[in-house]
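Starting from 1, each residue takes its place in the sequence as its number.
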Amino acid sequence: MSEVSLRGTVTIAIVSLLSACAVGPNYHRPKVDAAASYKEAGDWKPSEPNDVLDRGNWWEVFRDDDLNKLESKVDISNQTVRAAADAFDQSRALLSEARAGFWPTIGASVSKVFSGGGSGAAVITGAGGTGTGGTGTTGTGTTGTGGGGTGSSLGLLHKSGITDTAGLSGSWDLDIWGKIRRTTEGARATAQASAAALAAARLSAQAQLATDYFELRAQDQLQKLLDDTVEAETQSLHITESRYKFGVAARADVVSAETQLLASQAQQVNAKIQRGVLEHAVAVLIGQQPASFALAASTMRTDVPTVPAGVPSALLERRPDVAESERNVASANAQIGVAEAAYFPDLTLTGSDDYSSNTFRHLISLPNRVWSWGPSLAETLIDGGLRHAQVSAARAQHDVTVDNYRQTVLTAFQQVEDDIVTLRVLEQQAVIEDKTVAAAREAEKLTLNQYKAGTVPYSSVIAAQTTRLSAEQTALSVLSQRLQTSVALVEALGGGWKAQDLPLP
């Protein structure tokens, strides 16, 4: 082996050894204390099997064909989800950009240069005089007149040539201190954070769609309730008018019945506003123009499926927003290494291999070759504290992401606890409300019969009707809240998403 080859081998070995290190702290996930169980769960038993969130399409637990069809359009048409997907694509491109730093940069150039020049001498006479131009290497003198006299001058010599050049050049920034590796590490974590943000956007859109859908169905149910109420009160008015006609009821009873009917009709009309608003919201969530979307009225389910909350520690792996926040911590940690690498000199290998000739035919030949290569070391000696400030800023940013991560985890625990207690209490309230509705209906029926028999005034009928309508509206509101909170619990638990679903770009 020649001495040159031996030196090259040793150089490569040294560079490889140095490249094995990387400045900056290695990443460790921030510690978070998690309780052994959710406080609000108590003895509350979910109604669905434990694998409900493992099936992917979590909304299918509600067994609603219309909802299933709508949810299938979220990924395709929801603009917020598509924007998050585009942001993820951008982050992957930035990761590829960071990885490109590991490789040398090689360029090629080809040029053809035309050049020219000349020399000559001239003597110019002033006004009224004559002059004779000298003789140059090539060319002839010229004679002209001006200023009342004549003169002659020798033109400049023109000589042209053509130079052809071609060559390759390259440079390689050796990642001795791990700056490129830390940059790539941060870009990878950022890309994973974008993937988690995409999952969070998708889950949020799906949950919002389900929430709006069940609220819309509650409006459908309310509309039917008010329609039935208007019909029943119309019959009551006819009964009152008949009794007044035969002289067994006062005119005040008729007026009261009309007033009650008009009030119910006003509610009947007003209920259409919120229904229309919710229909428009559903249209936007699936990426459609509200003008081109319509959802036919339908009945509302009366049972409420729920899902098990599991243990709090599992939540750290099941929520995409928690994963996004954790990946942001990893990215910020890598930026500390990038900032610290600035303290150390940059080692760059550069080289070129060029050919230059005045004839293109024999351009690529050994006599026309000029090559060079070698390392260069660059170090900043004085920067006024810039690097120190950049490292301090990177560490502070890392601390910010850690605090945000822990706050995100605490908020996640809070949301699950809130949804559990809400579902548990509403479930108990629903039992009471159902009994209240049954009793109110019975009271209304008995009071109307008593009024027909003339034993109670019509004001008692109005009171019974008002109580029954209020009880049914409250029961419907509780049912709607239970369904919406069930969706919220699924969202709070991550909708079946897992941290293992994060891509490894």
Quick check: does any side chain N or O of [X] sit under 3.5 Å from a backbone N or O of [Y], one acting as donor and the other as acceptor?
X: Thr183; Y: Lys179; value: yes
X: Ser486; Y: Pro305; value: yes
X: Asn78; Y: Val81; value: yes
X: Trp103; Y: Trp172; value: no
X: Ser477; Y: Gln473; value: no
X: Arg387; Y: Thr380; value: yes
X: Ser325; Y: Tyr405; value: yes
X: Asp346; Y: Ala378; value: no
X: Arg182; Y: Val23; value: yes
X: Asn333; Y: Pro25; value: yes

Is the [atom1] atom of [X] crowded by more than 12 outside heavy atoms at less than 6.0 Å?
X: Glu379; atom1: CD; answer: yes
X: Arg82; atom1: CZ; answer: no
X: Asp303; atom1: CG; answer: yes

Could you check Arg275 against Asp220 for side chain to side chain contact (heavy atoms under 4.5 Å, CB included), going step by step and ending with a plain yes or no?
CA-CA 7 Å; Arg275 209 272 183 188; Asp220 287 343; 2.8 Å; yes
Rounded distance (nearest 0.5 Å) linking atom [atom1] of [X] with atom [atom2] of [Y]:
X: Thr474; Y: Leu479; atom1: OG1; atom2: CG; result: 12.5 Å
X: Leu168; Y: Ser109; atom1: CG; atom2: OG; result: 8.0 Å
X: Leu483; Y: Asp64; atom1: CG; atom2: CG; result: 9.5 Å
X: Asp89; Y: Leu94; atom1: CG; atom2: CG; result: 11.0 Å
X: His280; Y: Leu216; atom1: NE2; atom2: CG; result: 10.0 Å
X: Arg202; Y: Ser204; atom1: CZ; atom2: OG; result: 12.0 Å

Kindly indicate, with the supporting measurements, whether the criterion side chain to side chain contact (heavy atoms under 4.5 Å, CB included) is fulfilled by Leu203 and Trp58.
CA-CA 10 Å; Leu203 176 59; Trp58 55 265; 3.8 Å; yes
If we only count heavy atoms from C-beta on, is the [X] to [Y] side-chain gap below 4.5 Å?
X: Glu427; Y: Arg482; result: yes
X: Gln481; Y: Gln484; result: no
X: Lys73; Y: Gln288; result: yes
X: Phe293; Y: Leu70; result: yes
X: Ile286; Y: Leu209; result: yes
X: Pro375; Y: Leu349; result: yes
X: Leu285; Y: Val74; result: no
X: Arg369; Y: Asp353; result: yes

Without hydrogens or angle criteria, can the side chains of Thr105 and Ser171 be said to hold a donor-acceptor pair below 3.5 Å?
no
Give a yes-or-no answer on whether the side chains of Thr190 and Ser331 include a donor-acceptor pair shorter than 3.5 Å.
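Their side chains do contain a donor-acceptor pair, which is all the 3.5 Å distance test asks for.
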For the pair [X] and [Y], find out whether any cationic side-chain nitrogen is under 4.0 Å from an anionic carboxylate oxygen.
X: Arg217; Y: Asp66; answer: yes
X: Lys39; Y: Glu417; answer: no
X: Arg395; Y: Glu340; answer: yes

Considering non-hydrogen atoms only, spot the tightest contact between [X] and [Y] and give its length.
X: Ala187; Y: Ala98; answer: CB-CB, 4.1 Å
X: Ala309; Y: Val416; answer: CB-CG1, 4.2 Å
X: Ala492; Y: Leu315; answer: O-CD1, 3.4 Å
X: Leu363; Y: Ala166; answer: CD2-CB, 3.8 Å
X: Ile162; Y: Lys112; answer: CG2-CG, 3.8 Å
X: Pro290; Y: Ala283; answer: CA-CB, 3.9 Å

Would Leu502 and Arg327 count as a side chain to side chain contact (heavy atoms under 4.5 Å, CB included) if you check the C-alpha gap in whole Å, the side-chain angles of each, and the deciding distance to 0.1 Å?
CA-CA 10 Å; Leu502 279 177; Arg327 289 289 82 197; 4.2 Å; yes
Go through the steps to decide whether Gln208 and Val487 satisfy the test side chain to side chain contact (heavy atoms under 4.5 Å, CB included), and finish with yes or no.
CA-CA 9 Å; Gln208 187 61 56; Val487 173; over 6 Å; no
Run Asp419 and Gln415 through side chain to side chain donor-acceptor pair (under 3.5 Å) and show every step you take.
CA-CA 6 Å; Asp419 293 334; Gln415 290 175 347; over 6 Å; no
Stepwise salt bridge (charged side-chain N to carboxylate O under 4.0 Å, His left out) test for Glu185 and Arg181
CA-CA 6 Å; Glu185 180 183 320; Arg181 271 168 291 158; over 6 Å; no
If we check side chain to side chain contact (heavy atoms under 4.5 Å, CB included) with Tyr355, which of these qualifies: Ile364, Val370, Leu366?
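Among Ile364, Val370, Leu366, the one meeting side chain to side chain contact (heavy atoms under 4.5 Å, CB included) with Tyr355 is Ile364.
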